[in-house]
Asker: 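Got a structure here, written out as structure tokens. Questions coming.
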Amino acid sequence: MPVLHASVTDDDYYSGGSSDKYAPFNSLVDWEVAKWAKLRGPSSSALTEFLAIEGVVESLGLSFKTVRELNTLIDTKLPGRPRFHQQDITVSGETVTLYSRDIIACISDLYGDPNFACHLIHRPERQYRKDGNKRIRIFHDMQTGDWWWEMQKVLEARKPCATVAPVLLSSDRTQVTLFGSKTAYPVYLTIGNLPKEIRRKPSCGGQFLLAYLPASKLKHVSCVASRRRMLANLFHFCLQRILEPLEIAGIEGFVMRDGLGIARRIHPILAIYVGDYPEQVLVTCTKTGRCPKCEVDFGDLAAALRLATVNPRAYENACKAAGIKPVYMPFWSHLPFVNIFQAITPDILHQLHQGVFKHILSWLKQAFGTAEIDARCQRIIPNHNIRVFLGGISSLSRVTGKEHDQVCRVILGVIGDMHLPNGFNSARLLRCVRGFLDFLFLAQFPLHSTATLRLLRQALDQFHENKSIFLDLGIRENFEIPKIHACAHYVSSIKLYGTTDNYSTQSTERLHIDLAKDAFRSTNHKDEYPQMTLWLERREKIHQHHNFINHDEQHVLSQLPSLPTLNLERRLKVTRHPSANGVAISSLVSQYGATFFRDAFARFIAGWRNPNLSRAQLERESMDINIPFTAVSVYHHLKFTNAGHSETVDSLHVYPAKRQKNSKLDDSRFDTALVRTGSVEEIGIHAYRVAQVRVLFNISQAARKYLECGRLLPPYFAYVEWFTCFRQDPELNTGMFKVSRSFIGTSRLSEIIPISHISQSVHLFPIHGPVIPREWSSSTVLENCNTFFVNPFTDRRTYLLFSQ
């Protein structure tokens, strides 16, 4: 490992050179104050004033009295990641500065991190799942894709016993100020040897800030064409300087030790470059409007690049013939084994959410009109995973990818029974939207197989087969949109590099907060980059020291799954204490709508005692059941967590209208849920039935002992009102199932069930004709309408359940 500071090295530090694990800090308190000051604390001035208070330093036993002393301690006594170096570059009379790290040292630091040692991936794999007599190949992490496999064969043929280190780069210019136009241009680095669960979590530290590229826009150059060419050349020049060590290391390799001390000959090779469309165009030197992944003929490209230093005019003509911009020596031109067009990967955020869906949404507004779409969005039934757009969606401005994701989940149900103008049949439009939504959800799967990739192709084909409806409506003249074309490359990229969460730009956007925006805010906004890089180096040292101290408690890394799964298992969580105690049965009827509570509970007890009773026998037996209570304890919330995690991923809200302390009246809410009615072994949506939950409750221990007869009662109960069972097949055009309320005569069919039968929440769309009644509201539509579409797009689990 390279020496990072003159006073201490990683090897010395972690080999036991410090007898106290908190050293160079005096104690746990000393260390915790220092960590708080650098990660969570106030400004330097405020901290200095705090330390200057008489007795604070002595009482806490701190080893530093000022911020300057703390910074000196961190700079000289703690090891860290590779240092930033600066290089001045003059472009057309303007001097700009590149701040970068040694890429080989960065790769060595990631590969040799003790926290990652047990999770490193060293070789490619081809994984299969047995399905009867078939073996279906699966794709998830990078090592399961074809790129690593093919690269391993190439290197083994040249120099046996090679270990590939796939290099993943991402870059994106970002604004660092809330007002004004101050920008930073960070470049991030990670390696494919780390599992994607580590790479995509900033808290795990699997991503490096490799460089800050010059953010200058060269506004002093008056000619726009010349300025664009200079900026492109500057970008490629800077990256060429940063990546130059990979030219030899990729071919010859170099010995590197992992966190366990095992040495291997590593070949770092650029595998993936992550960026949005403007960044992809810049990286590949492609002209705007063209696809950066559709490869340029390599023979023509190589011939053009050889002319760059020989004949500039001929080089420009050759580039034009090859279909690329005449950038002087693109940074990837000398990198070994790199196909830059292949290295460009799908971008869910910008291509699908902020790209294709943004176009589709604007077309739908033109087709149906914004008034009715907004009215329906304002009356969406609430759900844990669904946002209710109380102001509609047409007035949204600067719509984020997260907001587009929320609209994606409801748009098909919003337009499901709307009519097109001029007598057009909406069938093709609905199939077009459904095809895209299927493509969007399938593209985000964390685990793919040859079967799901076939479904991905079919969904895209359905979209293309039906999109002509927008031509017929006069909304579009053509579909020559690069982001629509980019969808054709998703299957090939997943086969090459694994699933799309390996190379998501959402990770890049998240890193901007920690490594660009927060770094800028820590400065005095004058000559900020030296301050930003120093601030980041100190934070990294604090994080590294924290990991060293808590090395045996790295829960995040120790719980990584060996194989991503599409697991549907969830766990119920009920609050420790009821939301309301002693709620009378009469109140359950009047306030909660549990009209037939007594009869339903009597039937439940009869059926619980003897599960083999027929319906007629059940009715007769229930007549003799005495209900030994007049009040119950009620719960207003039911939460769901994924197995092994504590984060709430779904919830049910079940409560009547209530007045808050500020005299505001909250509307009642009785959510709908999927209740398992089939056996545990049965899979698919037909093993479930939709129900509206009216009451979540338990009964007293005395009542429980009175009613139990050889079989323990469940701990919690739910009073539900049923909807009709799912039909065999969904509705043809929307692909969604229809359900209606179930009645016995004029009364809603109700029942009491164990709360454990509730699988998850489910979202419904009202079917009410071409115009939704304006007197309805989001809180009343569930009661006012009787027929609904069931929404399969609330989350990934629900989509999978409806797809089985």
Asker: Looking at Trp608, I'd like to know if the NZ or CZ of Arg711 sits under 6.0 Å from its six-membered ring centre while staying within 45 degrees of the ring's axis.
Answerer: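 Yes, Arg711 sits over the ring of Trp608.
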Asker: Ignoring hydrogens and angles, tell me if any N or O in the side chain of Arg387 forms a donor-acceptor pair with the backbone of Val407 under 3.5 Å.
Answerer: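 Not at all, since once roles are kept as given, no pair shorter than 3.5 Å links the two residues.
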Asker: Picking from Phe697, Tyr635, Phe597, what satisfies ring-ring contact (aromatic ring centres under 6.0 Å, His included) with Phe717?
Answerer: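 In the set Phe697, Tyr635, Phe597, the residue that makes a ring-ring contact (aromatic ring centres under 6.0 Å, His included) with Phe717 is Phe697.
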Asker: Please answer whether the main-chain N or O of Phe723 pairs with a side-chain N or O of Arg689 as donor and acceptor at a distance below 3.5 Å.
Answerer: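 Judged by distance alone, yes, a pair lies under 3.5 Å.
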Asker: Any donor-acceptor pair under 3.5 Å linking the side chain of Thr787 with the backbone of Ile767?
Answerer: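 Such a contact is absent between Thr787 side chain and Ile767 backbone.
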Asker: Check Glu731 with Lys738, please: is the shortest side-chain N to carboxylate O separation under 4.0 Å?
Answerer: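 Salt bridge flag = no for Glu731 with Lys738.
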Asker: Does a salt bridge link Arg409 with Asp405, judged by any charged N lying under 4.0 Å from a carboxylate O?
Answerer: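 Looking at Arg409 and Asp405, the cut-off is met.
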Asker: Can any side-chain N or O of Arg129 pair as donor or acceptor with the backbone N or O of Ile136 at less than 3.5 Å?
Answerer: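 Absent.
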Asker: Measure from the ring center of Phe737 to the ring center of Phe789 and say whether it is less than 6.0 Å.
Answerer: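 No, they do not, as the ring centres are separated by 6.0 Å or more.
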Asker: Under 4.0 Å between a Lys/Arg side-chain N and an Asp/Glu carboxylate O for Asp729 and Arg727?
Answerer: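 Looking at Arg727 together with Asp729, the answer is no, because their closest N to O distance does not fall below 4.0 Å.
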Asker: If we count only N and O atoms by modelled type, under 3.5 Å, do the side chains of Thr794 and Asn791 hold a donor and an acceptor together?
Answerer: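 Looking only at side-chain atoms, Asn791 and Thr794 do not form any donor-acceptor pair under 3.5 Å.
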Asker: Can Ser590 and Ser587 be said to form a side-chain hydrogen bond (donor to acceptor under 3.5 Å, both in side chains), step by step?
Answerer: CA-CA 5 Å; Ser590 61; Ser587 297; 4.9 Å; no
Asker: Does a side-chain N-to-carboxylate-O contact under 4.0 Å join Arg200 and Glu509?
Answerer: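 Salt bridge absent between Arg200 and Glu509.
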Asker: Would you check, one step at a time, whether the test salt bridge (Lys or Arg N to Asp or Glu O under 4.0 Å) holds for Glu647 with Arg571?
Answerer: CA-CA 11 Å; Glu647 180 185 2; Arg571 294 182 179 176; over 6 Å; no
Asker: Please determine, by modelled atom types, if Ser740 and Asn786 share a side-chain donor-acceptor pair under 3.5 angstrom.
Answerer: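 The answer is no; no qualifying pair exists.
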Asker: One thing to verify: whether Glu372 and Arg774 come together as a salt bridge, which I'm taking to mean a side-chain N less than 4.0 angstrom from a carboxylate O.
Answerer: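 Here Arg774 pairs with Glu372 in a salt bridge, since their nearest N and O are under 4.0 Å apart.
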Asker: Examine the side chains of Asp666 and Tyr655 and answer whether a donor and an acceptor come within less than 3.5 Å of each other.
Answerer: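 Their side chains do not contain a donor-acceptor pair, so the 3.5 Å distance test is not met.
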Asker: Between Asp650 and Lys639, is there a side-chain N and carboxylate O pair less than 4.0 Å apart?
Answerer: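 The answer is no: the pair does not qualify as a salt bridge.
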Asker: With a 3.5 Å cut-off and no angle check, do the side chains of Ser761 and Asp671 form a donor-acceptor pair?
Answerer: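 No, because no side-chain N or O of Ser761 sits under 3.5 Å from a partner of the opposite role on Asp671.
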Asker: Assess whether a salt bridge exists between Lys201 and Glu197, defined as any Lys/Arg side-chain N lying under 4.0 Å from an Asp/Glu carboxylate O.
Answerer: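 Looking at Glu197 together with Lys201, the answer is no, because their closest N to O distance does not fall below 4.0 Å.
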Asker: Show your reasoning for whether side chain to side chain contact (heavy atoms under 4.5 Å, CB included) applies to Gln351 and Tyr490.
Answerer: CA-CA 11 Å; Gln351 288 175 352; Tyr490 274 60; 2.7 Å; yes
Asker: Are Ser779 and Asp667 close enough, and set up right, to give a side-chain hydrogen bond (donor to acceptor under 3.5 Å, both in side chains), and what steps lead you there?
Answerer: CA-CA 6 Å; Ser779 60; Asp667 294 324; 3.3 Å; yes
Asker: Quick check: His653 with His636 (ring centres under 6.0 Å apart)?
Answerer: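 No - the distance between ring centres of His636 and His653 does not fall below the 6.0 Å cut-off.
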Asker: Scan side-chain atoms only and decide if Lys658 and Ser668 contain a donor-acceptor pair under the 3.5 Å cut-off.
Answerer: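 Side chains of Lys658 and Ser668: no pair found under 3.5 Å.
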Asker: Consider only side-chain N and O atoms of Gln760 and Arg570, and report whether a donor and an acceptor are under 3.5 Å apart.
Answerer: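 Absent: no donor and acceptor within the cut-off.
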Asker: Hey, are Glu403 and Gln354 close enough side-chain-wise for a donor-acceptor pair under 3.5 Å?
Answerer: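 Looking only at side-chain atoms, Glu403 and Gln354 do not form any donor-acceptor pair under 3.5 Å.
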Asker: Among Asp417, Asn733, Asn466, which residue satisfies the side-chain contact (heavy atoms from CB on, under 4.5 Å) criterion with Leu430?
Answerer: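 With Leu430 as partner, Asp417, Asn733, Asn466 yield a single side-chain contact (heavy atoms from CB on, under 4.5 Å), made by Asn733.
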Asker: Just checking, Arg694 and Phe670: is the charged tip under 6.0 Å from the six-membered ring centre and within 45° of the axis?
Answerer: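 Yes, a cation-pi geometry holds between Arg694 and Phe670.
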